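Bear in mind that the values here come from a model prediction, so they are computed numbers and not experimental data. Quick note on labels: first sequence line is chain A, next is B, and so on, each numbered from 1.
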Amino acid sequence: MSEPDPRSTEARYRRIWRVVAAIPEGQVASYGQVAQLAGIARGARQVGRALAKAPEDMQLPWFRVISANGRIALAPDSPGFRRQRRQLLAEGILVRDGRVDMRRFGWAPASDEILLRF
DNA sequence: CGTGTGACTGACC
DNA sequence: AGGTCAGCCACAC
């Protein structure tokens, strides 16, 4: 019996989904932060990929993931952008011009919280 | 196997 | 504050 390679794309996606699922309601995390917590250095782009690939019935809070600069990464004129903005606003996260104040809404998990969860 | 393309980032103007 | 750029990495062609 061989363990699945933790470096495989599938294994990485599963860890990414696990981290995203742990982002508290009312808070946001950046793609790079999610990658970091999932043990994937410099894997920000993979996070975007994993979110796009996440099964709908997984009900992943993908909308809580935004760019490190606080901006919604999707195209401002896209349906995805509008949906993300709406869902963020729905849980009290202020979105102004497609931007969120990371200092106010950014997720800052405590170290023990990280060790226990991931 | 080379190239182009992003739901990305950090560094530098 | 806002644009450019190189680095990044999985994927489509």
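The side-chain hydrogen bond (donor to acceptor under 3.5 Å, both in side chains) analysis of residues 58-68 of chain A, with sequence neighbours excluded, yields the pairs A:R64-A:E91.
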task: Go through A:Q84 and A:L74 one step at a time and tell me if the side-chain contact (heavy atoms from CB on, under 4.5 Å) criterion holds.
output: CA-CA 9 Å; A:Q84 182 164 16; A:L74 297 169; 3.6 Å; yes
- prompt: Run the side-chain contact (heavy atoms from CB on, under 4.5 Å) check on A:F63 and A:R83 step by step: do they pass?
  reply: CA-CA 8 Å; A:F63 53 88; A:R83 183 179 177 199; over 6 Å; no
task: Could you check A:L51 against A:L60 for side-chain contact (heavy atoms from CB on, under 4.5 Å), going step by step and ending with a plain yes or no?
output: CA-CA 8 Å; A:L51 295 187; A:L60 206 66; 3.9 Å; yes
task: Report the C-alpha separation of A:M102 and A:N69 in whole Å, then their side-chain angles, then the decisive distance to 0.1 Å, and conclude whether the side-chain contact (heavy atoms from CB on, under 4.5 Å) test is met.
output: CA-CA 8 Å; A:M102 295 296 276; A:N69 61 12; over 6 Å; no
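Among residues two or more places apart in sequence or in another chain, the side-chain hydrogen bond (donor to acceptor under 3.5 Å, both in side chains) test is passed with A:E25 by none.
Remark: the backbone N or O of A:R99 is not paired with any side-chain donor or acceptor of A:D97 at under 3.5 angstrom. Looking only at distances, a side-chain donor or acceptor of A:R15 sits under 3.5 Å from a matching main-chain atom of A:P6. Of the possible polar contacts, none joining the A:Q36 side chain to the A:A44 backbone as a donor-acceptor pair under 3.5 Å is found. Remark: the backbone N or O of A:D77 is paired with a side-chain donor or acceptor of A:R82 at under 3.5 angstrom.
DNA chain B is contacted by A:W62, A:S67, A:A68 of residues 57-68 of chain A, taking any non-hydrogen atom closer than 4.0 Å. Listed by residue number, there are no residues of residues 85-102 of chain A with a heavy-atom contact under 4.0 Å to DNA chain B.
Among the atoms of the strands shown, only primed sugar atoms or phosphate atoms (P, OP1, OP2) are found under 4.0 Å from some heavy atom of A:R12.
When each of A:S30 and A:R49 is assigned the nucleotide of DNA chain B with its nearest heavy atom, A:R49 is the one assigned upstream, toward the 5' end. Each of A:K53 and A:R45 has a nearest nucleotide on DNA chain C; the 5'-most of these lies closest to A:R45.
Where DNA chain B meets chain A (any atom under 4.0 Å from a heavy atom), the bounding nucleotides read 5' to 3' are B:dG6 to B:dG10. When DNA chain C is scanned 5' to 3' for any atom under 4.0 Å from a heavy atom of chain A, the first and last hits are C:dG2 to C:dC11.
Across the strands present, B:dA7 finds no partner; the criterion is a Watson-Crick or G-U wobble pair with both atom distances under 3.5 angstrom.
Side-chain contact between A:W107 and A:V28 is absent, with no heavy-atom pair separated by less than 4.5 Å.
For the atom pair OG1 of A:T9 and CD of A:Q46, the computed distance is 7.0 Å after rounding to the nearest 0.5 Å.
Exactly one of A:R12, A:E10, A:R18 qualifies for a side chain to side chain contact (heavy atoms under 4.5 Å, CB included) with A:R14. That residue is A:E10.
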